[in-house]
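Remarks on the structure that follows.
Counting starts at 1 for both ligands and their atoms, in listed order.
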Amino acid sequence: MKVYINGKFYSEKNAKISVFDHGLLYGDGVFEGIRAYHGRVFKLKEHIDRLFYSAKAILLDIPMSHQELMDATIETCRKNNITDGYIRLVVTRGAGTLGLNPNRCSNPEVIIIADTIQLYPTSLYKKGMEIVTVATTRNHHNAVNPAIKSLNYLNNILAKIEANTAGYEEAIMLNSEGFVAECTGDNLFIIKSEHMYTPALSSGALHGITRQTSIDLVGELGIATSEPNLTRYDLYNADECFLTGTGAEIVPVVKIDERKIGDGKPGSITKKLVKAYQELTKISGEPIFKTK
Ligand code: PXG
C-alpha cells in the first residue's frame, strides 16, 4: 500500500508522522471517509468541500486547493489500484509543542489512505439492525460542533462503547435537549405514513453526504422529507427506520430499545432506497482511471 503524505507517497511501513503532531496529542485536525465504487470516487467534490468547511471552522489552513486535493485523492486510488474501496483523508494541525497553542504548529499534515473496506455482513442488511439509545449526549454545538468532522471522536466512541457493552452494534445519541441527533457514525431516518423524517442538522447531526443522497433519492420516489425535532417516541412508532453513512451505506433498523419497528423487517421504502443507492454508485463519481 502507498500512503500519501504532503505530496509524496510512502510505503505503509514508512508512512509516519510526528508524535508531537497535535492531531495525535489533542485530536486537533479534520477528516473524511470516502468510498470508491466501480473505478469511481463517489461524491468526491462533496467530501472535499466538507473537509474544507471543517478545516475553516477550526481555523486550519489546508495548504492545497480543492482541485489539488481532489487530484491527490484520485492519484492515491490509482497508485493503489483501487476500484472499490474506502479512502481516509486526514488533515492534522501538524507537529507543535506539548502545549495546546495551535500557533506553535508548523505544517499541517495532509494524509490520504486508500484501502479496501471491511463491510458489515450481508445478513445484517437483510435482517436489519437492532440499536439502542445511550446515555452519552451528542456534543453541544457550542462545545465541539458535531458539524465539524474533527479528529476528536471521543463523544462518538463513548456512545459506541455503551452500545457495544449492551450487546448492540450502534447507538442512538440524543442532543442536550433530549431530541434525537444521530448514531455514532451514521445519520438516522424514519418513515411514517409515506413521509420521511430525519433530525435537522441543528440537532447535532453531521451534514452526512449519504443523508443528502438519501433525501434526494427518496424524493425521486415521490416521498418528501421533513426535519423536525424527533423524540424516541417518534422512532418507536415509525413504520420504517434506517441509518445512512459512507461506510455502512443504508442500514435497515428493525428494533430500537427493544421496540419492534413496523413489522420488524426492513421496510419497503428502505429497500427501494437501498436499490436506488446501489444503482447511483454504479454510474456516478469521479473516474480513477481516466481514458484519454
Ligand atoms: N454522522 C457521523 C458522526 C459520522 O461520523 C456520518 C454521520 C455519515 O456521514 P456520511 O457523509 O459518510 O454519509 C458519519 C460518517 C464508521 C465511520 O466507521 C463513519 C464516519 C467516520 C469514520 C468512521 O462508521 N463518518
Polar proximity ligand 1 side, E182 side, N/O cut 3.5 Å exclusive:
yes

How about atom 4 (C) of ligand 1: does it have a protein heavy atom within less than 4.0 Å?
yes

**Report entry** Salt bridge flag under 4.0 Å for residues E279 and K275
**Finding:** no

Is atom 18 (O) of ligand 1 near the protein, in the sense that some protein heavy atom lies at less than 4.0 Å from it?
no

* Are K2 and E12 close enough for a salt bridge, meaning some N to O gap below 4.0 Å? -> no

The answer for which part of L206 has a heavy atom under 4.0 Å from ligand 1 is side chain

Original post:
Can you find an N/O atom of Y86 closer than 3.5 Å to an N/O atom of ligand 1?
Top reply: no

Exercise. Does I209 reach ligand 1 with a nitrogen or oxygen that is under 3.5 Å from one of the ligand's nitrogen or oxygen atoms?
Worked result: yes

Contact region, N156 to ligand 1, non-hydrogen atoms below 4.0 Å, reads side chain

Sidechain N-carboxylate O distance under 4.0 Å for E182, R211:
no

Does the separation of the ring centres of F31 and Y153 fall below 6.0 angstrom? yes

Among K43, R88, E46, K149, the residue with a heavy atom nearest to atom 20 (C) of ligand 1 is K149

So CG of D257 and CD1 of I172: to nearest 0.5 Å the spacing works out to 6.0 Å

Note: ligand 1 atoms sitting under 4.0 Å from heavy atoms of F31 are 21 (C), 22 (C)

Should the ring pair Y37 and F42 be called parallel, tilted or perpendicular, given that the plane angle runs from 0 to 90° and is split at 30 and 60?
perpendicular

Open item on the list: For ligand 1 and H207, I'd like to know whether there is a polar contact (N/O to N/O, distance under 3.5 Å).
Closed with: no

Looking only at non-hydrogen atoms, the one of T244, T184, T213, T246 nearest atom 12 (O) of ligand 1 is T246

Q. What orientation do Y197 and H195 show, parallel under 30°, tilted 30 to 60°, or perpendicular over 60°?
A. tilted

